[in-house]
Amino acid sequence: MEILKNVRYAEAAPCLLDMYLPEKKGFKTVVDFHGGGMEAGDKTEEVFQKTGAYLAEKGVAFVAANYRMYPDAKFPEFIEDAAKAVAFAKREIVSYGGSGELYVAGHSAGAYLTLMLCLDRRYLLRENMNGEEICGWLSDSAQTTVHYNVLRERGEDTRIERIDAAAPLYFSDDNASFGKLLLLSYDDDIPCRLTQNRLLCESLRRFGKNGVRLDVLKGAHTQACRADENGNYPIAEILLRFVQE
């Protein structure tokens with residue numbers, strides 16, 4: 001395994017990523033975005049280090065990306081950064097031995113970024129990418145309405161369930177196009193979160209998008225990103241299964 005740290009993918013200061021690369025070439029790649037409400041979180045957290053090492057040892061590359069956050073960022077700059085990170089990985093990973101087969105994942109705020117890239121194709125199109133080039137998307141407990149910190153930026157009550165062009169749900173129509181999309185939520189998730197993900201899943205299926213699936217796991221918000229009794233992170237195995245399906 002080779003680890004490349006703080007690889008720059010865009011000009012803004014936080015736009016760095018870490019790459020965990022398998023020894024064997026021809027590997028698939030996961031690009032992952034951390035959570036933290038678009039105001040906290042970092043690619044160096046233990047969950048990403050251990051997930052990256054686990055996947056690389058199993059023959060899958062892992063790319064953990066940072067992006068601009070509040071209070072320095074404004075909507076939609078964090079989504080634009082995420083699009084640039086995905087485009088960078090798609091463009092460069094082959095030179096490191098990757099097959100070019102790319103998956104995108106995120107947790108909480110990072111899951112919101114993942115869904116916005118998946119469903120609002122404008123962000124990747126600006127980076128000369130078609131979203132259909134992504135083999136799969138994994139969203140771990142995303143807010144599928146307008147993110148609460150985007151509401152705060154607008155001066156609105158952060159409890160509002162708003163659906164407009166800043167919400168993944170806004171794009172759950174016949175124009176949505178993706179290979180496969182796995183939504184994760186939890187039976188003790190934060191208020192409205194499981195309901196939001198159920199609504200997104202059913203809304204997409206209503207338009208015949210049968211590649212979407214919702215898995216409801218036991219535990220609290222993004223429980224899979226918390227270490228278990230053995231010090232392992234369940235999200236690592238979930239990601240591996242998703243890529244291998």
Could you check if a side-chain atom of [X] sits within less than 4.5 angstrom of a side-chain atom of [Y], using non-hydrogen atoms only?
X: H107; Y: F48; result: yes
X: Y112; Y: P168; result: yes
X: H34; Y: M69; result: yes
X: L4; Y: Y96; result: yes
X: F27; Y: V60; result: no
X: D215; Y: I238; result: no
X: D81; Y: L113; result: no
X: R91; Y: Y9; result: no

Enter the distance from [X]:[atom1] to [Y]:[atom2] here, rounded to the nearest 0.5 Å.
X: C118; Y: L204; atom1: SG; atom2: CG; result: 8.0 Å
X: N130; Y: L124; atom1: CG; atom2: CG; result: 8.5 Å
X: T145; Y: R162; atom1: OG1; atom2: CZ; result: 10.0 Å
X: S185; Y: R193; atom1: OG; atom2: CZ; result: 7.5 Å
X: K90; Y: E101; atom1: NZ; atom2: CD; result: 8.5 Å
X: W137; Y: L102; atom1: CH2; atom2: CG; result: 8.5 Å

Can you get from [X] to [Y] by hopping between Ile, Leu, Val, Met, Phe, Trp and Tyr side chains that sit under 4.5 Å apart?
X: L199; Y: F178; answer: yes
X: Y54; Y: I3; answer: yes
X: L117; Y: I93; answer: yes
X: V63; Y: L240; answer: no
X: M38; Y: V31; answer: yes

Distance-only, no hydrogens or angles: does the [X] side chain make a donor-acceptor pair with backbone N or O of [Y] under 3.5 Å?
X: D140; Y: G106; value: no
X: R121; Y: E132; value: no
X: T144; Y: Q196; value: yes
X: R68; Y: P14; value: no
X: D42; Y: T44; value: yes
X: N66; Y: K43; value: yes
X: D189; Y: L194; value: no

Hey, what's the ring geometry for Y103 with F242, parallel, tilted or perpendicular (30° and 60° as the breaks)?
-> perpendicular
Worked verdict on Y70 versus F78 for ring pair (Phe, Tyr, Trp, His ring centres under 6.0 Å) = CA-CA 9 Å; Y70 291 112; F78 26 77; 5.4 Å; yes
Residues K209, D174: salt bridge by 4.0 Å N-O rule |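 Answer for the salt bridge query: yes.
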Are the charged groups of E77 and K74 less than 4.0 angstrom apart, N to O?
-> no
Does a donor on one side chain sit under 3.5 Å from an acceptor on the other, for N197 and Y186?
->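 Per modelled atom types, N197 and Y186 side chains form no pair under 3.5 Å.
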Side-chain donor-acceptor pair present, E46, Y233, cut-off under 3.5 Å = yes
Test log, rule side-chain contact (heavy atoms from CB on, under 4.5 Å), inputs Q223 and L217 | CA-CA 8 Å; Q223 185 76 43; L217 308 180; over 6 Å; no
Please list, chain by chain and in numerical order, all residues satisfying salt bridge (Lys or Arg N to Asp or Glu O under 4.0 Å) with D157, sequence neighbours excluded.
-> R159
Begin from the C-alpha positions of R241 and E245 and carry the test salt bridge (charged side-chain N to carboxylate O under 4.0 Å, His left out) through to its verdict.
-> CA-CA 6 Å; R241 288 201 305 267; E245 286 176 349; 6.0 Å; no
Pick one: which of L119, D164, I163 meets side-chain contact (heavy atoms from CB on, under 4.5 Å) with L169?
-> I163
Does the ring of Y148 carry R152 above it, NZ/CZ under 6.0 angstrom from centre and within 45° of its axis?
-> no
Kindly determine whether M129 and V86 satisfy side-chain contact (heavy atoms from CB on, under 4.5 Å), including the steps that lead there.
-> CA-CA 9 Å; M129 282 192 68; V86 171; 4.1 Å; yes
Show the numbers, then the answer: is there a side-chain contact (heavy atoms from CB on, under 4.5 Å) between Q244 and K28?
-> CA-CA 9 Å; Q244 293 178 336; K28 302 176 183 180; 5.5 Å; no
